[in-house]
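Bear in mind the structure is a predicted one, so any value in this text is a computation, not a measurement. So you know, we letter chains A, B, ... as the sequences are listed, proteins then strands, and number each from 1.
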Amino acid sequence: MKPGTKRTLVTAALPYANGPIHLGHLAGAYLPADIYCRQQRLTGRDLVFVCGSDEHGVPILLRARKEGVDPQVIVDRYHKMIQEAFASFGMSFDFYGRTTDPLHRETSQDFFRVLAKKKTFTLKTDSQLYDPKAGIFLADRFIRGTCPNCSYEEAYGDQCEKCGRSLSPDDLLNPYSALSDAAPVVKETTHWYLPLGHFQERLTQWIDGHGDWKPNVLGQIQSWLTDGLGDRAVTRDLPWGVPVPQDVAEEAGVDAEGKVLYVWFDAPIGYISATRRWAEAQGDPELWKQFWCSEESQLIHFIGKDNIVFHCLIFPTMLMAHGDFILPDNVPANEFLNLEGEKLSTSRGWAVWLHEYLEEMPADYLRYALAATFPETRDTDFSWKDYQARVNNELADTLGNLVNRTLTFADRYFEGKVPPLSHPSSKDLGLLDRLREIPSRVGELLETYKMREALAEIMGLAREGNRFFNEQKPWATRKEDLRACGNTIHISLQLVASLSILLDPFLPASCASLRAMLNLRGLRNSALREDKEALLFWEDAGRPLLEAGHSLGQAGILFQKVEDAYVEAQRKKLKAAPIQGGSGVQVDPNQVPEFRELIEFEDFQKLDLRVGEVLEAEKVKKSKKLIRCLVDLGREKRQILAGVAESLGPEDLIGKKVIVVANLKARKMLGLESQGMILMAERPDGSLGPLGAEGPAGAVVR
RNA sequence: GGCGGGGUAGCUCAGUUGGUGAGAGCGCAGGAUUCAUAACCCUGAGGUCGACGGUUCAAGUCCGUCCCCCGCUACCA
């Protein structure tokens, strides 16, 4: 932390309001941020934690069109879902906002206006393809047409899926809009650009002062700086987003109609607008400035690695250009979380959705399992088996059992009161000494974003507690030396009390229960900015907290074990998800593409469809999409290339029976010949899944 | 293709600026114990630190080449 810091503003990446929250999101940004904030609040530091839904952008607009509803309907749906899931998960945001908030619009426009006034932007006019029917400009991938290379009629404007050739929209024959089927027209349009290059020197200087940032973050930044920074468009022609301010447009002599701020420009400003909303709620609308505009404040962004460039270069450039704001002091980006050994894929349904998890299991179990394996230095893996092991072995057995054996012993043999510490042994004092150094040690780890190590340190303390209990044998001394027995229980209780503070950032709900069992009151609330009742703070975890004679509360089981059946069910659900295409959202009839024009029966008869069994499948090297399959068609075995690697792995195909177009002309791709085509089902998001088939290889499908 | 990060015990992961016999948790094997959620505690087996080459008295730790995974970015065929 830089010297003289009085306040901290923490942000967690704004989730995109186009789908629910999954485990990858939590492990990447949200949970680390929450743990950090809770611990900092416990130390008494002044901290505000904001986040919110990112609700603009093209994907939301397209989804709305497909469903035939206003985009606001979409974002309302997911904003609510996300916000509720976060709350149940124990996220301690001081404010959770959204970018469709009018105040956000105002904040973004003001920001844009300041940069325009300072002549930060450059204006450029370009020709772009425009869909006259849908009334919007089209990004390359929303233009489709016939591939000039292979004559595939549904090639995208940036690439032909059939032959893999890269294209530009101009290359397509008979181009049409993917949104409305209308033929696109070329139209000139003017946009504002942020010239990042002008800030290169200042950015470099600023980054050089932050050599302590994580290596993955610095590496990414360095590579961008070395390449040199270019201009980035900050506006778009879209009917959904924060409108370009009328006055700025007029000043520039540009028609503002239909122009909005590019989503990446307005999204990070969401951090600012959320802080403003929070300040309003505090009854002091100007309070946000203390956090954003004072050198006595530090700003920390928790994000995933995919967001590094935006938070470390682009947003800082915006802040620099504006001039009123402080720059981030750290951007502790995490790597990614894999799931059961494979990378997460929302389109394939390879994800665990937070809202679904919370219907069945406690938030703290997941918080623990994730925190124990945060992808801090590299991608890590989450598996349900590991989750079960973490909960059962560590939470229940190590920690829960320590609590349980200590409390039941006190309850049974010391009338539920804390026995006095009298003539403590060196072992007794040794543990108290050990305890003394823990809060600052763990605090330091957390402040340097080493959450996993911090958690391991605390759990190590719980293990020491168990060892101490074993070695002191209070069940034996109870009969021979009641004083020594009392000392053992006294110390063990103090340890448990300290754990209820140390673990609070990680397991807020369980620690609250634990403190109730101990009848320990007065700990500062780790979820609130202010707690006037607070008597105990983080550092107090280093000293004995329970006085002799203190009456304990009702003991109970802190953590239930996770059954095998649950683990199996979860894994099964995961396996089943790709087939159902399930992002947990019901298929909407409006999302299903319209049927094509009628054909004659003879046309259909030309197709020779067969059942084929995939014998081998492997990724084609140097291709992102192609999988080479060897398919048994009864009469012969064929090599068929399928452009599905972005949706499926080879293992999803091997051994599967599929439907094959057997009389399709062979075509070469990347030097390999494809002798046919495997039929796939396309999901609304464009991902693919194989069509299952039964029957012997070679059987005619009709 | 370019750039960045990573490839360490059966599994999931730690390993500061190169230097005493390469670690933790889980799992496994054996032992001890009974206060406790069949929990806890002790001991042990297990690794040519992605591959190859180099620098050095000394490399998991530095340099080079290659392979694989993740991310960002680009686009020739």
Practice problem: Answer syn or anti for B/G31, where the cut-off is 90° from 0 on the glycosidic torsion. | Solution: anti
Quiz item: At under 4.0 Å, does any side-chain N or O of A/Arg405 touch on OP1 or OP2 of B/A39?
Solution: no
Quiz item: Can you check whether A/Arg412 has a side-chain N or O nearer than 4.0 Å to OP1 or OP2 of B/A36?
Solution: yes
Quiz prompt | Inter-nucleotide C1' distance (B/G23, B/C67), Å rounded | solution = 27 Å
Quiz item: Looking only at N and O atoms, is any donor in the side chain of A/Asp397 or the base of B/A39 less than 3.5 Å from an acceptor on the other one?
Solution: no
Practice problem: Please say whether more than 12 non-hydrogen atoms of neighbouring residues, nucleotides or ligands are located less than 6.0 Å from CD in A/Gln554. | Solution: no
Self-check item: A/Trp224 side chain, from C-beta outward: closest of B/C72, B/U37, B/A39
Solution: B/C72
Practice problem: Report yes if a side-chain nitrogen or oxygen of A/Lys473 is closer than 4.0 Å to either non-bridging phosphate oxygen (OP1 or OP2) of B/U34; otherwise report no. | Solution: no
Quiz item: Would you say B/C70 has OP1 or OP2 under 4.0 Å from some side-chain N or O of A/Arg378?
Solution: no
Quiz item: Taking protein heavy atoms under 4.0 Å as touching, what does nucleotides 26-31 of chain B look like 5' to 3' if B marks base contact, S marks sugar-phosphate-only contact and - marks none?
Solution: SS----
Quiz prompt | Rounded distance in Å between the C1' positions of B/A9 and B/G64 | solution = 29 Å
Quiz item: Quick one: does NZ or CZ of A/Lys427 land under 6.0 Å from the six-membered ring centre of A/Phe468, within 45 degrees of the ring axis?
Solution: no
Quiz item: Ring centroid separation for A/Trp384 and A/Tyr566, is it under 6.0 angstrom?
Solution: yes
Self-check item: Gap between atoms CG and C1', on A/Leu402 and B/C41 respectively (whole Å)
Solution: 13 Å
Exercise. For the pair A/Glu335 and A/Lys305, find out whether any cationic side-chain nitrogen is under 4.0 Å from an anionic carboxylate oxygen.
Key: yes
Quiz item: When you match A/Asn338 and A/Arg232 each to their closest nucleotide on RNA chain B, which lands nearer the 5' end?
Solution: A/Asn338
Quiz prompt | Spacing of the P atoms in B/C68 and B/A51 (rounded, Å) | solution = 15 Å
Self-check item: Distance in angstrom units between A/Leu461 CG and B/G25 P, rounded
Solution: 15 Å
Self-check item: C1'-based separation of B/G10 from B/G54 [nearest Å]
Solution: 34 Å
Quiz prompt | Options B/U34, B/C72, B/C41, nucleotide nearest the side-chain atoms of A/Asn466 | solution = B/C41
Quiz item: With sugar-phosphate meaning primed atoms plus P, OP1 and OP2, does A/Leu558 contact a base, only sugar-phosphate, or nothing at under 4.0 Å between heavy atoms?
Solution: base
Quiz item: Nearest nucleotide by nearest heavy atom, which residue falls closer to the 5' end of RNA chain B, A/Phe409 or A/Asn470?
Solution: A/Phe409
Self-check item: Residue A/Arg390, side-chain heavy atoms: nucleotide from B/U12, B/U8, B/C72 that is nearest
Solution: B/U12
Practice problem: Whole angstrom is fine here: how far is it from CG in A/Asn334 over to P in B/C13? | Solution: 13 Å
Practice problem: Could you check which of B/G4, B/C13, B/C35 has an atom nearest any side-chain atom of A/Thr373? | Solution: B/C13
Quiz item: Out of B/G5, B/A36, B/G71, which has the shortest distance to the side chain of A/Glu335?
Solution: B/G5
Quiz prompt | With A/Glu457, the salt bridge (Lys or Arg N to Asp or Glu O under 4.0 Å) member among A/Arg463, A/Arg434, A/Arg452 | solution = A/Arg434
Quiz prompt | Any strand: nucleotide that pairs with B/G4 via Watson-Crick or wobble, under 3.5 Å | solution = B/C70
Practice problem: Report the nucleotide, chosen from B/A14, B/C42, B/U33, that has the shortest atom-to-atom distance to any side-chain atom of A/Trp475. | Solution: B/U33
Quiz prompt | Integer-rounded Å distance: B/U37 C1' and A/Glu563 CD | solution = 12 Å
Exercise. May I ask you to decide if A/Arg571's main-chain N or O and A/Glu340's side chain share a donor-acceptor pair within less than 3.5 Å?
Key: no
Quiz prompt | Distance, P atom - from B/C63 to B/C69, rounded to whole angstrom | solution = 23 Å
Quiz item: Are A/Phe469 and A/Thr406 close enough that some pair of their side-chain heavy atoms sits under 4.5 Å apart?
Solution: yes
Quiz prompt | Residue matched to B/A29 through Watson-Crick or wobble contacts both under 3.5 angstrom | solution = B/U43
Self-check item: Out of B/A14, B/C72, B/C35, whichever nucleotide has its closest atom nearest the side chain of A/Phe469
Solution: B/C35
Self-check item: Side-chain heavy-atom pair A/Leu421, A/Leu432 within 4.5 angstrom cut-off
Solution: yes
Quiz item: Nearest-Å distance, CG (A/Asn404) to P (B/A39)?
Solution: 13 Å
Practice problem: Please work out if A/Phe559 contacts a base, only the sugar-phosphate, or nothing of the nucleic acid, heavy-atom cut-off 4.0 Å. | Solution: base
Exercise. Using the P atom on both, measure B/C66 against B/G25 and round to a whole Å.
Key: 40 Å
Quiz item: What integer distance in Å separates A/Asp386:CG from B/C13:P?
Solution: 8 Å
Quiz item: Using purine N1 to pyrimidine N3 plus N6-O4 or O6-N4 for Watson-Crick, or N1-O2 and O6-N3 for G-U wobble, each under 3.5 Å, what pairs with B/C57?
Solution: B/G19
Quiz item: Given atom CG of A/Asn401 and atom C1' of B/A39, what is their separation to the nearest angstrom?
Solution: 4 Å
Quiz prompt | Nucleotide opposite B/A24 in a Watson-Crick or G-U pair, distances under 3.5 Å | solution = B/U12
Quiz item: Only one of A/Trp213, A/Phe374, A/Tyr36 clears ring pair (Phe, Tyr, Trp, His ring centres under 6.0 Å) with A/Tyr449; which?
Solution: A/Tyr36
Quiz item: Does NZ or CZ of A/Arg236 come closer than 6.0 Å to the centre of the six-membered ring of A/Tyr262, within 45° of the ring's axis?
Solution: yes
Practice problem: Looking only at non-hydrogen atoms, find the nearest pair between A/Leu402 and A/Gly465 and report the distance. | Solution: CD1-C, 3.8 Å
Quiz prompt | B/U20 versus B/G5 - spacing of their P atoms, nearest Å | solution = 26 Å
Self-check item: Whole-Å distance separating the CG atom of A/Asn392 from the C1' atom of B/G25
Solution: 14 Å
Self-check item: Atom P, compared across B/C49 and B/G44: separation rounded to whole Å
Solution: 23 Å
Quiz item: Just checking A/Lys385: base, sugar-phosphate only, or nothing, at a heavy-atom cut-off of under 4.0 Å?
Solution: nothing
